[in-house]
Amino acid sequence: MTWPSVKGTIILKAGSPNEEDSALQYAAEILKSGGIVAFPTETVYGLGANALDAEAVEGIFKVKMRPFDNPLIVHVTGMEQAEELVRFSPQEAAVLAGHFWPGPLTLIFPKKELVPDITTAGLSSVAVRVPAHPLALKLISRAGIPLAAPSANLSGRPSPTTADHVLEDMAGRIDAVLDGGACSVGVESTVLSLLSGPPALLRPGGVTLEMLEAVLQKKILDLTAGRGEDFKGVPPSPGMKYRHYAPRAPLYLVEGEGASQKQQLVALSESFTLQGRRLGLIIFEESEGVFPAPVVKVLSSRKDPRLAAERLFAVLRSMDSLEVEVIVAEGLEEKEMGRAVMNRLRKAATKVIRVE
Ligand code: TXA
Ligand code: MG
């Protein structure tokens, strides 16, 4: 089969079963020989390489321009394969994996020697997850190796939720992208540490804090609450200290609720418009019509943060293609999936404005 390509990056479409089989075979061969293939997961597209091959993993850091002190998540097909990589797996991990794997939950374990230091950025722990996307699972088993995969964006840019987003950042930098359509969750996996003390949330994501607490029947330490990029001291997860997900234009996030939040949205929008800057608004359905900006993107109803999560990164990317000069975004209540949405918006924001 001949595949289309952009700047030398091959696009492996997996439409029909026949096409899917050749696409997976092609992608698996590249991965086995140390190459880099972007692939779909249920959360976002990942930039995959053999997690046990230090050279291949170094390639990921380079093409993504990712700081070498930010460790990668290793993707496996199940607990059995996870156990090959980890020294010890607490009882809680078995319970959580039983409930949420395959799915958007990443667990941190003490690592075995076998996992190269570069994959974990020198940490003695390793992050592991079992993705729920059928193509991701098939690719990992076809390649027969665990896949290290960060989100397939250039470092600092919004994570990709379609193969086109991947190509925007990665065409010419990676061997291939496996195209499995749009991702359904839309924000990355939840990262949970079980290393010591109570379970600790390091990144809110597709599995909510409420879901984790219900299954574990205990409180989880939320190390992400209310935090954007302003981490003081040593962060529990290296990824916490970096600005992320950012469109090119500066983004002003207005947090809070009700009438005062709306007033602040309008006041900011008016002042940017008076300055003659092309404004992009990111709001919820309940605020439609609040201000007549040239670009208005509605994420979802405030009552449906799952849909907001699914659309968020595509909306952030669209601000670039629509050439807005400044962005004003409306914040959401921080519970359930609203936690992950707010975490990503804060990290994308140049400035966070909180109204009471
Ligand atoms: O949904 C996802 O998790 C996606 C898809 C592709 O699976 N992947 C993803 O990877 O979001 P990445 O590299 O963009 O984010 C990984 C996060 C970073 O914040 C990193 O610091 C943290 O996980 N992390 C990785 N290993 C860790 C470790 N051993 N201890 C603490 N944090 C870790
Ligand atoms: Mg990322």
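Note that ligands are numbered from 1 as they come in the structure, with each ligand's atoms numbered from 1 the same way. We're numbering straight along the sequence, starting at 1. As the structure is a computational prediction, the values presented were derived from the model and not from experiment.
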**Prompt:** T43 to ligand 1: N or O pair under 3.5 Å?
**Reply:** yes
**Prompt:** Side chains of T77 and S141: is there a donor and an acceptor less than 3.5 Å apart?
**Reply:** no
**Asked** Taking atom 33 (C) of ligand 1 as the point of reference, which of P160, S237, A200, G48 owns the nearest heavy atom?
**Response** S237
**Asked** Cut-off 3.5 Å, side chains only: do S16 and N18 have a donor facing an acceptor?
**Response** no
**Prompt:** Taking distance alone, with no angle check, do Y45 and ligand 1 share an N/O pair under 3.5 Å?
**Reply:** no
**Message:** Show me which atoms of ligand 1 lie under 4.0 Å from any heavy atom of G46.
**Reply:** 6 (C)
**Request:** List every atom of ligand 1 that sits less than 4.0 Å from any heavy atom of H75, numbering the atoms from 1 in the order shown and giving each element.
**Result:** 5 (C), 6 (C), 7 (O)
**Under 3.5 Å donor-acceptor, Q261 side chain and E330 backbone** = no
**Request:** Can you pull out the closest protein heavy atom to atom 19 (O) of ligand 1? Residue, atom name and distance to 0.1 Å, please.
**Result:** G239 CA, 3.4 Å
**Asked** Which heavy atom of the protein is the closest neighbour of atom 27 (C) of ligand 1, given with residue, atom name and distance?
**Response** P71 CG, 3.4 Å
**Prompt:** Which ligand 1 atoms, with their elements, are less than 4.0 angstrom from a heavy-atom of R129?
**Reply:** 1 (O), 2 (C), 3 (O), 5 (C), 7 (O)
**Item:** L268 side, atom CG; I353 side, atom CD1 - distance, nearest 0.5 Å
**Value:** 4.5 Å
**Prompt:** Do any N/O atoms on T106 end up under 3.5 angstrom from N/O atoms on ligand 1?
**Reply:** no
**Message:** Under 3.5 Å, is there a donor on one side chain and an acceptor on the other for E336 and T208?
**Reply:** no
**Item:** Sub-4.0 Å atoms of ligand 1 with respect to non-hydrogen atoms of A149
**Value:** 6 (C), 8 (N), 10 (O)
**Request:** Tell me, please: is L123 in heavy-atom contact with ligand 1, that is, under 4.0 Å?
**Result:** yes
**Prompt:** Do the side-chain N and O atoms of R129 and T43 include a donor-acceptor pair separated by under 3.5 angstrom?
**Reply:** yes
**Prompt:** Hey, is ligand 1 close enough to S189 that some N/O pair sits below 3.5 Å?
**Reply:** yes
**Complete:** Residue, atom and distance of the protein heavy atom nearest atom 30 (N) of ligand 1 read I108 CD1, 3.6 Å
**Request:** Considering non-hydrogen atoms only, spot the tightest contact between I30 and I36 and give its length.
**Result:** CG2-N, 4.0 Å
**Message:** Is it true that E356 and S260 share a donor-acceptor pair across their side chains at a distance under 3.5 Å?
**Reply:** no
**Asked** Between R344 and R203, does a side-chain contact (heavy atoms from CB on, under 4.5 Å) hold up when you go through it step by step?
**Response** CA-CA 10 Å; R344 305 310 187 268; R203 179 175 72 182; 3.8 Å; yes
**Item:** Closest protein heavy atom (residue, atom, distance) for atom 17 (C) of ligand 1
**Value:** R203 NH1, 3.7 Å
**Request:** State yes or no: are the ring centers of Y245 and F313 separated by less than 6.0 Å?
**Result:** yes
**ILVMFWY network linking F100 to V126, side-chain heavy atoms under 4.5 angstrom** = yes
**Message:** Could you tell me if D164 and T162 have a donor-acceptor pair between their side chains, going purely by distance under 3.5 Å?
**Reply:** no
**Item:** Proximal ligand 1 atoms for L202, defined as those under 4.0 Å from one of its heavy atoms
**Value:** 31 (C)
**Protein residue, atom and distance nearest to atom 16 (C) of ligand 1, heavy-atom basis** = I73 CD1, 3.6 Å
**Request:** For L251 and A348, work out which heavy atoms get closest and say how close.
**Result:** CB-O, 3.9 Å
**Prompt:** From S151, does some N, O or S atom reach closer than 2.8 Å to the Mg ion (ligand 2)?
**Reply:** yes
**Item:** The one among K111, R66, K64 that brings a heavy atom closest to atom 13 (O) of ligand 1
**Value:** R66
**Message:** Check this for me - ligand 1, S125, N or O atoms closer than 3.5 angstrom, yes or no?
**Reply:** yes
**Request:** Heavy-atom contacts with N70 under 4.0 Å: which atoms of ligand 1 show up? List them by number with element.
**Result:** 18 (C), 20 (C), 21 (O)
**Message:** Closer than 4.0 Å to some heavy atom of S151 - which atoms of ligand 1 meet that?
**Reply:** 8 (N), 9 (C), 10 (O), 12 (P), 14 (O)
**Prompt:** Against heavy atoms of P150, which atoms of ligand 1 measure under 4.0 Å?
**Reply:** 10 (O), 12 (P), 13 (O)
